[in-house]
Amino acid sequence: MTKRQVCLLVLVACGAGLFAGCTAPSSAVRLTLEFSTMGNYAGHMLEARVVTPGGTEVDRESIGAVSAAQFAISFSGLEEDAAYRVDFYVDVNDNGRYDAPPTDHAWRIDVPASKGDRSVAFTPGGAFTDIAFPVLPAPGPAADGVISPGEYRHTMTDPTTGMTVWWENDEETLYVGLVAPGLGWLAIGFGPVSKMEGANIIMGYVAGGTLTISDQYGSGP
């Protein structure tokens with residue numbers, strides 16, 4: 001795949017509001033974590049995740065506020081005859097994220113390999129464990145046709161055309177938002193050799209309520 005084709009795949013997908021992704025295959029094996037005597041944590045957030053021995057996260061669930069002394073959380077995506085661990089914590093200081101004990105209260109339970117659905121009972125007590133609960137990365141900008149304040153990390157406005165471009169990127173995707181002051185069409189080019197020559201040019205317009213994204217190549221300056 002050429003560099004130009006990579007730009008086409010990323011930018012056209014974003015402009016059309018389409019995303020492609022991969023999800024783990026579904027599994028019939030579930031794990032249920034059954035809590036009891038949790039009344040002292042009423043009103044606090046609880047987050048939990050299932051992790052393989054190698055550290056790969058399988059599933060994550062959360063409760064915005066514990067509301068009962070007894071409740072259960074179910075996880076999906078487990079495999080037969082595979083061992084896991086369950087890491088979970090209560091956000092005792094209510095700052096919306098994990099802090100190492102004793103600031104937040106955290107625990108780890110090892111779940112041995114077995115067949116079929118599994119169930120683990122938990123009652124708070126004993127020592128806490130620093131589980132280093134990771135924060136999920138924030139999602140990139142939404143390809144929804146609306147650019148919200150602070151949605152993109154970078155922005156600039158071209159003084160000649162009045163067009164404004166917003167952009168940011170992570171390790172895999174370049175996100176671009178483009179706004180023109182007039183009606184008709186707009187376009188942006190990447191990687192030119194000389195002026196427009198050699199540029200990968202993404203053009204967009206709406207006609208009759210239909211969005212059209214066109215990928216063009218600059219054959220001359």
Side-chain angles (χ1 to χ4, degrees), residues 13-14 17-144 146 148 150-151 168 170-173 175:
C14 289
L18 301 176
F19 289 92
C22 298
T23 57
S26 60
S27 172
V29 179
R30 299 181 65 84
L31 169 65
T32 301
L33 184 57
E34 299 178 346
F35 294 86
S36 61
T37 65
M38 293 288 289
N40 289 337
Y41 296 111
H44 298 292
M45 179 183 71
L46 184 149
E47 281 196 292
R49 69 181 192 138
V50 176
V51 185
T52 67
T56 300
E57 183 171 308
V58 176
D59 193 13
R60 176 185 296 224
E61 302 292 338
S62 65
I63 296 176
V66 174
S67 59
Q70 294 183 324
F71 58 92
I73 297 178
S74 292
F75 305 92
S76 61
L78 283 72
E79 297 181 359
E80 295 272 12
D81 296 319
Y84 297 93
R85 75 170 190 260
V86 184
D87 291 347
F88 54 101
Y89 75 97
V90 175
D91 184 20
V92 176
N93 66 348
D94 295 325
N95 68 348
R97 65 176 185 270
Y98 171 77
D99 296 292
T103 303
D104 288 335
H105 295 181
W107 303 269
R108 171 169 291 164
I109 298 178
D110 292 321
V111 182
S114 64
K115 292 185 179 296
D117 293 343
R118 311 176 199 183
S119 180
V120 177
F122 171 77
T123 300
F128 303 124
T129 302
D130 184 0
I131 58 176
F133 202 94
V135 176
L136 290 177
D144 55 4
V146 178
S148 303
E151 184 175 3
E168 73 171 74
D170 54 31
E171 294 179 351
E172 297 180 351
T173 306
Y175 301 89

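Interatomic distance, D117 CG to E80 CD, rounded to the nearest 0.5 Å: 8.5 Å. Residue Y41 holds its OH atom at 11.0 Å from CZ of F35, rounded to the nearest 0.5 Å. A distance of 10.0 Å separates CG of N40 from NE2 of H105, quoted to the nearest 0.5 Å.
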Apply side-chain contact (heavy atoms from CB on, under 4.5 Å) to the pair F88 and V86, showing each step before the final yes or no.
CA-CA 7 Å; F88 54 101; V86 184; 3.8 Å; yes
side-chain contact (heavy atoms from CB on, under 4.5 Å) between L33 and I109, worked out:
CA-CA 10 Å; L33 184 57; I109 298 178; 4.1 Å; yes
Side-chain atoms of residues 61-74: list all donor-acceptor pairs with protein atoms under 3.5 Å, sequence neighbours left out, distances to 0.1 Å.
| from | atom 1 | to | atom 2 | distance (Å) |
| --- | --- | --- | --- | --- |
| S74 | OG | T32 | OG1 | 3.3 |

Under 3.5 Å, which donor-acceptor pairs link side chains of residues 46-53 to any protein atom two or more places apart or in another chain?
| from | atom 1 | to | atom 2 | distance (Å) |
| --- | --- | --- | --- | --- |
| E47 | OE1 | Y89 | OH | 2.5 |
| R49 | NH1 | E57 | OE1 | 2.9 |
| T52 | OG1 | G54 | N | 3.4 |
| T52 | OG1 | G55 | N | 3.4 |
| T52 | OG1 | T56 | N | 3.0 |

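Listed by chain and number, the residues in a side-chain hydrogen bond (donor to acceptor under 3.5 Å, both in side chains) with S36 are T123 (sequence neighbours excluded). For E168, the side-chain hydrogen bond (donor to acceptor under 3.5 Å, both in side chains) partners at least two apart in sequence or on another chain are R153. Scored by the side chain to side chain contact (heavy atoms under 4.5 Å, CB included) test, V135 finds no partners at all (sequence neighbours excluded). Residues forming a ring pair (Phe, Tyr, Trp, His ring centres under 6.0 Å) with H44 (at least two apart in sequence, or on another chain): none. For Y84, there are no ring pair (Phe, Tyr, Trp, His ring centres under 6.0 Å) partners, not counting sequence neighbours. In this structure A42 satisfies the side chain to side chain contact (heavy atoms under 4.5 Å, CB included) test with no other residue, sequence neighbours excluded. For N95, the side chain to side chain contact (heavy atoms under 4.5 Å, CB included) partners at least two apart in sequence or on another chain are D91, N93, R97, D99.
Counting only residues at least two apart or on different chains, the salt bridge (charged side-chain N to carboxylate O under 4.0 Å, His left out) pairs with a member in residues 100-116 are D81-K115, D87-R108. For the salt bridge (charged side-chain N to carboxylate O under 4.0 Å, His left out) condition, no pair includes a residue of residues 127-137, sequence neighbours left out.
The backbone N or O of P112 lies less than 3.5 Å from a partner atom in the side chain of R118, making a donor-acceptor pair.
Closest non-hydrogen pair, Y175 versus P141, comes out as CG-CD, 3.5 Å. The minimum heavy-atom distance between S76 and R30, with the atom names listed, is CB-NH1, 3.3 Å.
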